[in-house]
Peer 1: 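Following this message is one structure expressed as structure tokens.
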Amino acid sequence: ARNRTAQGLAQLAAKRAREVSGLRPHIAENAGFEINLAFGTSSFTAGLLPYANLLLAEGGAPHGMLVAAPNEGTVVYHRISDEKWNEAAVELVGQVREIYTRSAQRISPQLWWWHKGKVIELPYTVIADNVIIQPVDAFVSHMKTLG
């Protein structure tokens, strides 16, 4: 395997990280959408964030995924399938901020949009415990194609 691209190598490494992380997926069911938390035993688990699609069992994510890595051993994600993405994002941010707050190996409370192999930050603000997602234009225009 001498002629791998950097991306090919990174993807291979991510697959490997997934295998050694002993991922324990946990699904938080909500009204009409689910948030997935993948807990791994290795500090590389968060490195799966750019390859979040590897966490999906099947079907891929044509509209992308909301992803976050609050600490070294956790990736939180939601496969976007309908206009409930905003509720899902708010719930996901809530989970992420809580995990981030009580973690020793913190990484980030940021929210990202994984789409076709790219990861784009989705900024948000919190006002009196209300999470307000401030999505980037590319995300907004893509979400208009849903439904």
Side-chain angles (χ1 to χ4, degrees), residues 7-8 10-147:
Q7 197 174 5
Q11 195 150 12
L12 189 71
K15 277 203 168 92
R16 199 65 202 97
R18 188 189 166 177
E19 286 156 20
V20 300
S21 288
L23 286 185
R24 298 184 312 285
H26 174 78
I27 297 173
E29 291 279 352
N30 287 278
F33 62 88
E34 54 184 45
I35 303 293
N36 300 271
L37 297 98
F39 300 107
T41 49
S42 104
S43 58
F44 299 116
T45 306
L48 289 169
L49 190 137
Y51 304 96
N53 54 315
L54 292 176
L55 297 165
L56 295 176
E58 76 294 302
H63 302 295
M65 301 164 69
L66 299 173
V67 290
N71 63 28
E72 286 182 1
T74 312
V75 178
V76 186
Y77 60 98
H78 164 74
R79 173 165 45 184
I80 298 168
S81 59
D82 56 33
E83 63 289 340
K84 280 197 183 274
W85 69 264
N86 194 43
E87 287 169 58
V90 168
E91 176 62 29
L92 193 146
V93 165
Q95 300 257 4
V96 164
R97 286 168 56 86
E98 195 178 310
I99 296 167
Y100 177 79
T101 306
R102 50 191 166 85
S103 295
Q105 283 77 37
R106 291 179 176 182
I107 292 196
S108 166
Q110 284 161 285
L111 175 67
W112 307 86
W113 177 37
W114 181 94
H115 188 238
K116 295 184 174 158
K118 289 196 182 71
V119 180
I120 299 161
E121 188 181 355
L122 294 178
Y124 64 84
T125 51
V126 181
I127 299 162
D129 281 349
N130 290 323
V131 174
I132 296 138
I133 311 290
Q134 298 163 309
V136 291
D137 294 347
F139 180 83
V140 173
S141 52
H142 185 87
M143 290 310 122
K144 287 192 179 129
T145 67
L146 282 175

Peer 1: Are any non-hydrogen side-chain atoms of T41 and R24 less than 4.5 angstrom apart?
Peer 2: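 A side-chain contact under 4.5 Å exists here.
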Peer 1: Report yes if the side chains of L146 and I80 come closer than 4.5 Å at any heavy-atom pair, otherwise no.
Peer 2: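 Answer yes - side chains close enough.
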Peer 1: Are any non-hydrogen side-chain atoms of I35 and N30 less than 4.5 angstrom apart?
Peer 2: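 Answer yes - side chains close enough.
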Peer 1: Which heavy atom of Y124 sits nearest to which heavy atom of I133, and what is that distance?
Peer 2: CB-CA, 4.0 Å
Peer 1: Are side-chain heavy atoms of L92 and Q95 found at a separation under 4.5 Å?
Peer 2: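 Contact flag for L92/Q95 side chains = no.
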Peer 1: Of all the heavy-atom pairs spanning P50 and W114, show the shortest one and how long it is.
Peer 2: O-NE1, 2.9 Å
Peer 1: Verify, without hydrogens or angle tests, whether R106 (side chain) and Y100 (backbone) share a donor-acceptor contact under 3.5 angstrom.
Peer 2: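 Yes, the answer is positive, given that a donor and an acceptor are paired below the 3.5 Å cut-off.
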Peer 1: Give a yes or no on whether the backbone of E34 and the side-chain of H78 come within a donor-acceptor separation of less than 3.5 Å.
Peer 2: yes
Peer 1: Would you say that L49 contacts I107 through its side chain, given a criterion of any heavy-atom pair below 4.5 Å between the two side chains?
Peer 2: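 No, their side chains stay 4.5 Å or more apart.
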Peer 1: Within the structure provided, determine whether V136 and L122 are in side-chain contact (heavy-atom separation under 4.5 Å).
Peer 2: yes
Peer 1: Please state whether the rings of F139 and W85 are parallel, tilted or perpendicular, taking 30° and 60° as the class boundaries.
Peer 2: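 It falls in the perpendicular class, over 60°.
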Peer 1: Using every non-hydrogen atom in the two residues, find where P70 and V96 come nearest and quote the distance to one decimal.
Peer 2: CB-O, 3.7 Å
